[in-house]
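Remarks on the structure that follows.
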Amino acid sequence: MTQIINALGFRNGSATRHAPLEDVQGIFSGSLIAALGLYCLAGAGLLTGSTAGIAFLLHYAFGVNFGLAFFLLNLPFFYLSWKRLGLAFTIKTFIAIGLTSVLADVQSRFLQISSIHPAWAALLGGLLLGFGLLALYRHRASLGGVGILGIYLQERFGIRAGLTQLAIDLCVLAAAFFVTTPGVVFYSVLGAVVLNLFVAINHRSDRYIAL
């Protein structure tokens with residue numbers, strides 16, 4: 001009975017290993033919070049970086065479904081994930097991306113944002129995305145794309161995942177000038193900075209280790 005309780009995660013005797021139920025709730029919660037962050041950004045017409053930013057660009061410029069674009073754009077990164085970070089990480093990340101894609105699309109059925117200032121959307125959206133990513137990272141998962149690359153570089157070379165993502169995100173956001181206004185780009189950059197600084201400060205392998 002004790003082994004079953006530990007396996008489900010109600011009482012985990014190992015400080016460095018998450019039980020299956022802990023992974024389930026962590027991945028679901030992280031995906032839900034991240035989807036809410038994306039919805040806040042979309043409510044003000046903002047973007048973010050990484051593959052989510054590219055999905056936003058396709059959505060705003062061509063009307064492509066955001067959730068579908070986000071899922072498909074992440075597919076090429078699964079090979080790097082499998083080769084460099086292992087099968088378990090890849091499966092968890094695939095589930096997290098699928099959940100976030102679906103939740104981002106159905107969010108409007110349960111929550112409507114009629115008006116939100118872009119500065120508040122940038123701050124709130126960036127923090128929510130940061131919390132979501134942090135939950136996923138701590139359960140050995142991510143939202144794919146640059147997140148996979150960021151975690152690999154952190155574990156291989158000690159470069160913080162948040163700083164890697166910030167550099168690439170700024171490149172993605174620079175492309176936003178071709179599809180939206182400078183004001184939207186400014187607030188989108190603000191949201192990306194909030195997101196990545198939050199992750200860089202709070203996600204450190206020397207402070208939190210979970211296998």
Side-chain angles (χ1 to χ4, degrees), residues 27-28 30-82 90-118 120-122 124-130 132-133 136 141-150 164-196:
I27 292 173
F28 177 78
S31 300
L32 179 60
I33 294 171
L36 182 58
L38 292 171
Y39 187 62
C40 287
L41 293 174
L46 304 184
L47 308 93
T48 186
S50 191
T51 49
I54 300 174
F56 270 128
L57 288 174
L58 293 174
H59 175 68
Y60 293 147
F62 306 107
V64 176
N65 179 276
F66 172 83
L68 179 61
F70 178 63
F71 182 79
L72 293 178
L73 286 168
N74 278 294
L75 291 180
F77 290 93
F78 286 120
Y79 177 77
L80 173 63
S81 174
W82 173 59
T90 303
I91 293 174
K92 291 178 184 178
T93 296
F94 183 86
I95 293 172
I97 291 171
L99 275 174
T100 303
S101 299
V102 172
L103 291 170
D105 277 345
V106 304
Q107 195 90 242
S108 60
R109 300 181 184 180
F110 307 99
L111 175 67
Q112 292 287 338
I113 297 179
S114 59
S115 177
I116 184 171
H117 193 280
W120 190 247
L124 188 59
L127 286 176
L128 286 170
L129 273 171
L133 283 172
L136 294 173
S142 81
L143 285 182
V146 178
I148 293 175
L149 180 62
T164 298
Q165 188 156 330
L166 176 60
I168 298 177
D169 285 356
L170 292 177
C171 294
V172 173
L173 289 167
F177 281 105
F178 296 98
V179 299
T180 189
T181 65
V184 168
V185 175
F186 170 78
Y187 286 115
S188 298
V189 170
L190 175 61
V193 170
V194 169
L195 160 62
N196 289 289

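These numbers come from the heavy atoms of this one structure, side chains and all, not from hydrogens, waters or symmetry mates. Remember, predicted model here, so these are calculated numbers, not experimental data.
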So, for Leu103 and Ala35, which heavy atoms are closest and what is the spacing to 0.1 Å?
CB-CB, 3.7 Å
N/O donor-acceptor pair under 3.5 Å between His59 side chain and Asn65 backbone:
no
Shortest non-hydrogen contact between Ala122 and Leu41, atoms and distance
CA-CD2, 4.1 Å
State, with a plain yes or no, whether a side-chain heavy atom of Tyr39 is found less than 4.5 Å away from one of Leu111.
yes
How close do Leu73 and Thr51 get, counting heavy atoms only, and between which atoms?
CD1-O, 3.6 Å
d(Leu47 CG, Leu38 CG) to nearest 0.5 Å is 11.0 Å
Atom pair CG/CG of Leu127 and Leu195 - distance to nearest 0.5 Å
8.5 Å
Measure the OG1-CZ distance between Thr181 and Phe186 for me, rounded to the nearest 0.5 Å.
12.0 Å
If you compare all heavy atoms of Val194 against all heavy atoms of Gly126, which two are closest, and at what distance to 0.1 Å?
CG1-C, 4.1 Å
Say whether, by atom type as modelled, one donor and one acceptor occur between the side chain of Thr93 and the main chain of Ser142 under 3.5 angstrom.
yes
Go through the steps for Phe94 and Phe71 under the test ring pair (Phe, Tyr, Trp, His ring centres under 6.0 Å), then give the verdict.
CA-CA 9 Å; Phe94 183 86; Phe71 182 79; 5.6 Å; yes
Does Leu57 reach the side chain of Phe178, with side-chain heavy atoms less than 4.5 Å apart?
no
Are the side chains of Asp105 and Ser101 in touch, meaning some heavy atoms are under 4.5 Å apart?
no
Shortest non-hydrogen contact from Thr48 toward Val172:
O-CG1, 4.2 Å
Between CG on residue Leu143 and OG on residue Ser31, distance to nearest 0.5 Å
6.5 Å
pair Leu46-Val184: side-chain heavy atoms closer than 4.5 Å:
yes
Would you compute the distance between atom CH2 of Trp120 and atom OH of Tyr187 and round it to the nearest 0.5 angstrom?
13.5 Å
Counting only heavy atoms not in Phe28, do more than 12 fall under 6.0 Å of its CZ?
no
Straight-line distance of Ser50 OG to Phe70 CZ, nearest 0.5 Å:
7.0 Å
Nearest heavy-atom contact between Leu129 and Ala34 is CD2-O, 3.4 Å
